[in-house]
Amino acid sequence: MTRFSTLLTRATAALMLGSLLVLAGCHRGSTKSPADMAKVEKKFDVTVEAYKSGQFMLDGAVLSSIDLGSHFAYEKDIGKLPKTVLLVRSDDSKIRKQHLQYMARMVLDYGFAVYYDDGGTLKKINPVETKARALQEYHAPVKQDDGQKCKSAAGCDSVEQAGQRGGY
């Protein structure tokens, strides 16, 4: 059995401890605090939050992609179109592919630059790589009442369905 000298063992342990400290030092401070994010947001003309189901939140209002596009069209008409837009995640949703595709469409339509936070780094949306998507209106799922579950085109007044209700 081979024995290592104590000097070699201690040197190896010191080297491993040193490399562990170097790696821990590299990781320190890699997450952004809310104060850092606030500084970044001030550098952009407009900050838009990604919201559920491909919607966006602007100044506290939930907007569909068409509504957000209409907002930017209005700003273009009055001569106040932003040059840079920051897309951030909201408390309710993270930035999804659908959000990026809608923003890529707006980059093509209005000519401003859109940036988003991708794991701590800011990335610019490239409309060619992101495959811009046509803007859509948001339609909430429709819930049917029990009275609207008639199966025939004649409605619930047919004899067959009246019998199901216990009328005949």
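Quick caveat, the model's predicted, so the values are computed rather than measured. Values below: every heavy atom of this structure, side chains too, minus hydrogens, waters and symmetry copies.
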Checklist line | Worked check of side chain to side chain contact (heavy atoms under 4.5 Å, CB included) between Arg105 and Gln101 | finding: CA-CA 6 Å; Arg105 179 78 245 168; Gln101 290 172 337; over 6 Å; no
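Side chains of His71 and Glu75 form a contact here, defined as non-hydrogen atoms less than 4.5 Å apart. In this structure the side chain of Phe44 never reaches within 4.5 angstrom of the side chain of Val114, judged on heavy atoms. At a threshold of 4.5 Å between non-hydrogen side-chain atoms, the residues Met106 and Leu68 count as touching. Within the 4.5 Å cutoff, the side chain of Val46 has heavy atoms near those of the Leu58 side chain.
Note that the CZ atom of Arg96 and the NZ atom of Lys52 stand 10.5 Å from one another [nearest 0.5 Å]. Rounding to the nearest 0.5 angstrom, the gap separating the CD atom in Glu49 from the CG atom in Leu63 is 11.5 Å. With rounding to the nearest 0.5 angstrom, the CG atom of Leu122 is 9.0 Å from the NZ atom of Lys43. A distance of 9.5 Å separates CG in Leu87 from OG1 in Thr47, rounded to the nearest 0.5 Å. Distance check: Lys76 NZ to Phe112 CZ gives 10.0 Å after rounding to the nearest 0.5 Å.
Using a 3.5 Å distance cut-off with no hydrogens or angles, the side chains of Ser70 and Asp67 do not pair a donor with an acceptor.
When all heavy atoms of Ser53 and Gln98 are compared, the pair lying nearest together is C-OE1, 3.9 Å. Of all the heavy atoms in Ser90 and Ala50, the pair that sits closest is OG-O, 2.7 Å. Taking both residues in full, the closest heavy atoms of Leu81 and Phe72 are given as CD1-O, 3.4 Å, listed atom of the first, atom of the second, then distance.
Between the side chain of Thr84 and the main chain of Asp45, a donor-acceptor pair closer than 3.5 Å is present. A donor-acceptor pair under 3.5 Å links the side-chain atoms of Tyr110 to the main chain of Gly69, judged by distance alone. The main-chain N or O of Val88 is never found under 3.5 Å from a side-chain atom of Asp117 such that the two would form a donor-acceptor pair. A donor-acceptor pair is defined here as one N or O able to donate and one able to accept, closer than 3.5 Å; no such pair exists between the side chain of His99 and the backbone of Phe56.
The environment of CG in Asp59 is sparse: at most 12 heavy-atom neighbours from other residues, nucleotides or ligands sit within 6.0 Å.
Checked against Tyr115 for a side-chain contact (heavy atoms from CB on, under 4.5 Å), the options Val85, Ile125, Leu86 give a single hit: Leu86.
Side-chain heavy atoms closer than 4.5 Å link hydrophobic residues (I, L, V, M, F, W, Y) into clusters, and following such links, even through other members, never connects Ile95 to Tyr51.
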